[in-house]
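Below is one structure; the comments refer to it alone.
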Amino acid sequence: LGLSREEADRFKQIDGQCQWTAAGEFFDVQQQGGAIPAGGIGVFFVDRFQQALNGCGGHAPNRPACIVAKAGSNFCTAHEVCHILLTSGFSPVHINSPTNLMHSVDLQRAAVPTLTQAQVDRIKRSPLCRSI
């Protein structure tokens, strides 16, 4: 991102709460790196969060972005991007099944996680989801 040493040190640990309004340091991180292209999702990687979490899909309005900690599993980024595609209004936010990508705990998984049909349908309706 081309941060100065002082800026990089400031963002080594992200303090505050993961919310859909992206406030405090969460918002500050997501303002780094310039504009996110229309239809894109910004993904920011940090050393750690003050809270016991490995990612946050909350973002500022009209600036889809997520933050992932270095300690996140192989699927943590996919989980956070999925929060963005599902939107804050999707329920349930997390699924109790450990085989589902949207399980509330960032698990080290032996197999590729799954999604429910309702999750897939909602993701496909996202304006940020494009067929390839």
Side-chain angles (χ1 to χ4, degrees):
L1 293 175
L3 301 178
S4 69
R5 171 150 330 282
E6 181 178 291
E7 291 168 321
D9 287 346
R10 176 179 173 221
F11 294 127
K12 278 193 179 286
Q13 174 175 298
I14 305 304
D15 298 332
Q17 299 294 313
C18 177
Q19 301 172 7
W20 276 93
T21 55
E25 287 187 359
F26 285 83
F27 179 80
D28 294 346
V29 166
Q30 292 178 10
Q31 297 308 301
Q32 304 301 313
I36 296 170
I41 297 172
V43 178
F44 298 87
F45 295 94
V46 298
D47 281 353
R48 64 188 169 277
F49 293 96
Q50 173 192 25
Q51 302 174 56
L53 55 89
N54 286 333
C56 176
H59 58 278
N62 302 315
R63 188 170 170 86
C66 61
I67 306 171
V68 178
K70 185 179 359 181
S73 73
N74 291 346
F75 296 101
C76 188
T77 301
H79 173 97
E80 298 308 332
V81 168
C82 201
H83 274 304
I84 295 166
L85 296 172
L86 289 169
T87 73
S88 64
F90 185 80
S91 183
V93 173
H94 291 113
I95 301 293
N96 200 27
S97 170
T99 62
N100 190 282
L101 177 64
M102 300 312 292
H103 188 273
S104 63
V105 177
D106 183 27
L107 302 169
Q108 296 293 337
R109 303 167 196 268
V112 175
T114 61
L115 294 168
T116 66
Q117 190 60 51
Q119 290 167 329
V120 171
D121 292 345
R122 180 63 166 262
I123 289 167
K124 286 182 175 180
R125 287 195 306 268
S126 170
L128 299 170
C129 182
R130 290 174 259 161
S131 61
I132 54 173

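Note that this is a predicted model, so its numbers are computed, not measured. One-based numbering along the sequence shown.
Residue Gln50 holds its CD atom at 10.5 Å from CD1 of Ile14, rounded to the nearest 0.5 Å. Interatomic distance, CD1 of Ile67 versus CZ of Phe11, reported as 9.0 Å (0.5 Å rounding). Between atom CD of residue Gln17 and atom CD of residue Glu25 there is a gap of 12.0 Å, rounded to the nearest 0.5 Å. In this structure, SG in Cys82 is found 3.5 Å from CD1 in Ile123, a value given to the nearest 0.5 Å. Distance check: Leu107 CG to Asn74 CG gives 12.0 Å after rounding to the nearest 0.5 Å. Leu86 CG to Leu101 CG: the interatomic distance, rounded to the nearest 0.5 Å, is 9.0 Å.
Side-chain atoms of Thr77 and Glu80 include no donor-acceptor pair closer than 3.5 Å.
Side chain of Arg48 to backbone of Gln13: no donor-acceptor contact under 3.5 angstrom is found. Judged by distance alone, with hydrogens and angles left aside, the side-chain atoms of Arg130 form a donor-acceptor pair with the main-chain N or O of Gly39 at under 3.5 Å. At distances below 3.5 Å, not a single donor-acceptor pair connects side-chain atoms of Gln31 with backbone N or O atoms of Asp28. Here the side chain of Arg109 pairs a donor or acceptor atom with the backbone of Pro98 at under 3.5 angstrom. Under a 3.5 Å cut-off, the side chain of Glu7 and the backbone N or O of Ser4 do form a donor-acceptor pair.
Aromatic ring centres of Phe26 and Phe49: separated by under 6.0 Å.
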* Audit row: Ile95, Gln119, side-chain contact (heavy atoms from CB on, under 4.5 Å) steps and yes/no -> CA-CA 10 Å; Ile95 301 293; Gln119 290 167 329; 3.3 Å; yes
* side-chain contact (heavy atoms from CB on, under 4.5 Å) assessment of His79 paired with His94 -> CA-CA 10 Å; His79 173 97; His94 291 113; 3.6 Å; yes
* Passes side-chain contact (heavy atoms from CB on, under 4.5 Å), Val46 versus Lys12? Steps please. -> CA-CA 6 Å; Val46 298; Lys12 278 193 179 286; over 6 Å; no
* Asked: Taking it one step at a time, do Val43 and Val81 satisfy side-chain contact (heavy atoms from CB on, under 4.5 Å)?
  -> CA-CA 8 Å; Val43 178; Val81 168; 4.1 Å; yes
* Does the side chain to side chain donor-acceptor pair (under 3.5 Å) test come out yes or no for His59 and His83, once each step is laid out? -> CA-CA 10 Å; His59 58 278; His83 274 304; over 6 Å; no
* Can you list the steps and then say if Thr114 with Asn100 is a side chain to side chain donor-acceptor pair (under 3.5 Å)? -> CA-CA 5 Å; Thr114 61; Asn100 190 282; 4.5 Å; no
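In this structure, the side chains of Lys70 and Phe45 stay at 4.5 Å or more apart for every pair of heavy atoms. For the pair Arg63 and Ile36, the minimum side-chain heavy-atom distance is below 4.5 Å. Put simply, the side chain of Leu128 reaches to within 4.5 Å of the side chain of Ile84, judged on heavy atoms. Between Leu85 and Ile41, some side-chain heavy-atom pair lies under the 4.5 Å cut-off. Between Asn54 and Val68, the closest side-chain pair of non-hydrogen atoms is not below 4.5 Å. In this structure, Leu115 and Met102 have side chains that are in contact, with non-hydrogen atoms separated by less than 4.5 Å.
Counting heavy atoms of neighbouring residues, nucleotides and ligands inside a 6.0 Å radius, atom CG of Asn96 does not exceed 12 of them.
Taken together, Cys56 and Cys18 meet the criterion of an SG-SG distance shorter than 2.5 Å.
Gly57 approaches Cys66 most closely through the heavy-atom pair CA-CB, 3.9 Å. Here the shortest heavy-atom pairing between Ala65 and Phe44 reads CB-CE1, 3.9 Å.
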